[in-house]
Amino acid sequence: MLLTIVAGARPNFMKIAPIIRAINKSKSEGKNIDFRLIHTGQHYDKSMSGSFFEQLNIPDPHANLNCGGGTHAEQTAAIMIAFEKELLANPCDWVIVVGDVNSTLACSITAKKLHIKVAHVEGGIRSNDWKMPEEINRLVTDSITDVFFTTSEVANNNLRDSGVTNDKIVFVGNTMIDTLLYHQNDLNAPTLWKEEGLEVGNYVVMTLHRPSNVDDAQQLQGIFKAIRTSLKDIPVVFPVHPRTLKNMEQFGIEPENVIKTGPLSYFEFNYLVKNAKGVVTDSGGITEETTVMGVPCITMRNSTERPETVDIGTNELIGTEPVALQKSLAQLVSGDWKQGSIPEKWDGRAAERIIKWFVEV
Ligand code: UD1
């Protein structure tokens with residue numbers, strides 16, 4: 001059985017690494033299973049892509065479609081054209097897509113039109129916010145998916161509610177967490193740790209890249225102002241996403257109160273998160289990682305497709321108003337944050353369950 005695995009953007013890489021490891025293990029045990037890895041090139045900087053391949057031991061892709069940049073339509077169309085050629089030249093039994101990025105959408109449509117079955121890892125999650133490009137990507141991908149490998153009972157119920165039958169839903173857990181647990185001993189401090197004199201439990205990590213926070217100058221200024229007001233003596237480390245950096249340069253925003261750095265490697269970033277007092281973010285994946293590491297997380301969004309990080313984990317969804325951020329930061333500083341626990345099956349074995357399903361199917 002040949003599985004073509006698609007990865008395109010930073011949050012995909014930690015999801016595919018354990019799947020490839022599980023395939024290789026199964027292959028070494030004599031099972032008839034193999035893979036082709038296709039990088040769409042959606043993220044192309046070393047800091048957004050190459051360093052993850054190195055650290056997570058992901059083999060070189062069999063092909064790189066080099067489809068980075070452009071508008072959503074341009075990017076999606078370019079990936080579809082290139083991926084169709086790839087599939088015609090290298091037919092496979094299944095295409096595995098992960099997450100909710102444009103590469104996920106483009107490759108699932110392309111595969112399905114060539115009558116190749118589609119497996120969606122992290123299928124079924126919903127923010128119900130149709131202004132988010134990721135939500136459109138999830139809805140379209142899930143409408144043509146043949147098997148869903150899910151991270152939560154909430155996702156299973158979303159799928160059932162939309163008419164998906166139980167035989168197509170395989171609740172496996174979270175491959176992103178497989179990677180986090182597998183590499184706990186590899187996490188290491190970035191050079192800025194010493195340079196800035198950071199101390200365990202006495203700094204905050206912030207990441208922002210969603211259009212709702214970073215495409216509006218006033219909103220972005222408001223966030224930095226809230227940080228400055230609330231965290232006078234507590235350093236804030238801000239690894240800046242390329243999209244956010246472009247906007248900050250365009251708006252002429254240069255926050256003085258944060259330690260600005262480029263995107264960090266996986267090991268460095270998660271070392272910082274693990275030892276932080278708390279995290280401010282608008283990412284989805286980071287809310288899962290903070291939940292597993294038991295680190296307080298403030299999410300600057302109005303909705304989440306990962307409600308278990310709030311109901312079970314350490315995450316609080318506060319909306320996008322800077323005044324709400326100030327309130328939450330005050331709570332964080334006072335040490336009054338909820339204790340979370342770990343969602344079901346987020347135990348480091350999700351990829352193993354996925355490959356077991358393929359071997360037995
Ligand atoms: C994408 C995903 C988002 C994910 C995020 C994580 C979609 C719709 N969005 O958003 O779900 O949370 O990745 O990072 O797929 N750029 C670079 N270098 C790179 C990559 C991007 O300079 O290596 C630039 C691009 O040229 C573009 C901007 O950053 O101008 C945004 O990149 P894009 O891939 O379109 O979307 P993200 O905002 O990264």
Side-chain angles (χ1 to χ4, degrees), residues 3 5-29 31 33-35 37 39 43 47-61 96-99 119-122 149-152 170-190 205 207 239 263-276 279 281 283-295 297 306 308-309 312-314 340-359:
L3 310 173
I5 302 173
V6 175
R10 183 170 62 179
N12 292 163
F13 306 136
M14 38 294 230
K15 294 172 191 165
I16 61 152
I19 297 176
I20 291 173
R21 201 164 50 245
I23 293 174
N24 284 336
K25 180 161 179 278
S26 193
K27 214 171 123 181
S28 72
E29 290 163 355
K31 300 288 185 332
I33 190 162
D34 211 342
F35 71 95
L37 174 60
H39 192 325
H43 283 176
S47 64
M48 298 292 285
S49 171
S51 85
F52 290 80
F53 274 70
E54 280 167 24
Q55 292 194 333
L56 305 182
N57 242 323
I58 304 171
D60 286 342
I96 301 185
V97 293
V98 300
H120 186 193
V121 174
E122 204 188 82
F149 295 112
T150 62
T151 50
S152 69
V170 189
F171 179 22
V172 292
N174 194 323
T175 56
M176 198 167 196
I177 300 307
D178 288 5
T179 292
L180 186 66
L181 297 177
Y182 188 79
H183 288 289
Q184 275 303 294
N185 296 330
D186 298 323
L187 307 185
N188 64 269
V205 177
T207 80
L264 294 171
S265 71
Y266 184 81
F267 293 165
E268 292 173 322
F269 181 73
N270 281 294
Y271 182 93
L272 279 186
V273 169
K274 189 176 182 177
N275 293 296
V279 172
T281 191
S283 152
I286 292 172
T287 66
E288 301 183 332
E289 292 166 340
T290 46
T291 279
V292 167
M293 291 190 273
V295 174
C297 183
R306 296 161 164 96
E308 62 279 6
T309 62
I312 302 174
T314 50
S341 56
I342 297 178
E344 190 185 351
K345 294 198 189 178
W346 290 20
D347 58 0
R349 299 182 52 204
E352 208 180 290
R353 295 185 185 107
I354 291 171
I355 298 312
K356 185 166 182 280
W357 185 88
F358 279 112
V359 167

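At a threshold of 4.5 Å between non-hydrogen side-chain atoms, the residues N174 and K345 do not count as touching. Contact check for F269 versus I286: side-chain heavy atoms found under the 4.5 Å cut-off. Looking at heavy atoms from C-beta onward, V295 lies in side-chain contact with V279 at the 4.5 angstrom threshold. Side-chain contact check for I58 versus I20: some heavy-atom pair is nearer than 4.5 Å. I33 is listed as a side-chain neighbour of L3, based on a closest heavy-atom distance under 4.5 Å.
For K356 and E352, the salt-bridge test fails: no basic side-chain N is under 4.0 Å from an acidic carboxylate O.
Here the closest non-hydrogen pair linking F171 and T150 is CA-OG1, 3.2 Å. Q55 and S265 get closest at one heavy-atom pair: NE2-OG, 3.2 Å. Between I16 and A7 the shortest heavy-atom distance is CD1-CB, 3.7 Å. For the residue pair G285 and R306, the shortest heavy atom distance occurs at N-CZ, 4.0 Å. The heavy-atom pair separating F13 from G8 by the smallest distance is CZ-O, 3.7 Å. Nearest heavy atom pair, residue I355 against residue A22, reads CG1-CB, 3.5 Å.
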- Item | V273 vs T290, side chain to side chain contact (heavy atoms under 4.5 Å, CB included): CA-CA, chis, key distance, verdict | CA-CA 7 Å; V273 169; T290 46; 3.7 Å; yes
- Item | Pair C297-T281, side chain to side chain contact (heavy atoms under 4.5 Å, CB included): steps then yes or no | CA-CA 7 Å; C297 183; T281 191; 3.8 Å; yes
- Message: What verdict does the side chain to side chain contact (heavy atoms under 4.5 Å, CB included) test give for E122 and V98, after you've listed the backbone C-alpha separation in whole Å, the side-chain angles of each residue and the deciding distance to 0.1 Å?
- Response: CA-CA 6 Å; E122 204 188 82; V98 300; 5.9 Å; no
- Checking side chain to side chain contact (heavy atoms under 4.5 Å, CB included) for the pair R353/V170: CA distance, chi angles, key distance, verdict? CA-CA 9 Å; R353 295 185 185 107; V170 189; over 6 Å; no
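Residues F358 and F149 place their aromatic rings such that the two centres sit under 6.0 Å apart. Between F53 and H39, the gap from one ring centroid to the other is short of 6.0 Å.
Take E344 and apply the salt bridge (Lys or Arg N to Asp or Glu O under 4.0 Å) test, not counting sequence neighbours, and it matches no residue.
Of the N and O atoms on the side chains of S26 and E29, not one donor lies less than 3.5 Å from an acceptor on the other residue.
In this structure, N12 contributes its side chain and A9 its backbone to a donor-acceptor pair below 3.5 Å. Using modelled atom types, no side-chain atom of H43 and backbone atom of G50 make a donor-acceptor pair closer than 3.5 Å.
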When the side chains of residues 176-184 are checked against the rest of the protein, which donor-acceptor pairs come out under 3.5 Å, sequence neighbours left out?
residue: D178; atom: OD1; partner: R349; partner atom: N; Å: 3.2
residue: D178; atom: OD1; partner: A350; partner atom: N; Å: 3.1
residue: D178; atom: OD2; partner: A350; partner atom: N; Å: 3.2
residue: D178; atom: OD2; partner: A351; partner atom: N; Å: 2.7
residue: T179; atom: OG1; partner: M14; partner atom: O; Å: 2.6
residue: H183; atom: ND1; partner: D186; partner atom: OD2; Å: 2.7
residue: Q184; atom: OE1; partner: K274; partner atom: NZ; Å: 2.7
residue: Q184; atom: NE2; partner: L180; partner atom: O; Å: 3.0

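When each of I5, D60, I96, I23 is paired with L37, the side chain to side chain contact (heavy atoms under 4.5 Å, CB included) condition holds for I5 and for no other.
In this structure, CH2 on W346 lies 10.0 Å from CD on E289, to the nearest 0.5 angstrom. The CD1 atom of I342 sits 10.5 Å away from the CE atom of M293 when rounded to the nearest 0.5 Å. Rounding to the nearest 0.5 Å gives a distance of 4.5 Å between CD1 of I354 and CD1 of I19. Between atom NZ of residue K31 and atom NZ of residue K25 there is a gap of 8.5 Å, rounded to the nearest 0.5 Å. Note that CZ of R10 and OG of S51 are 9.0 Å apart. Values are rounded to the nearest 0.5 Å. In this structure, the separation between CZ on F267 and CG on L56 is 6.0 Å, given to the nearest 0.5 Å.
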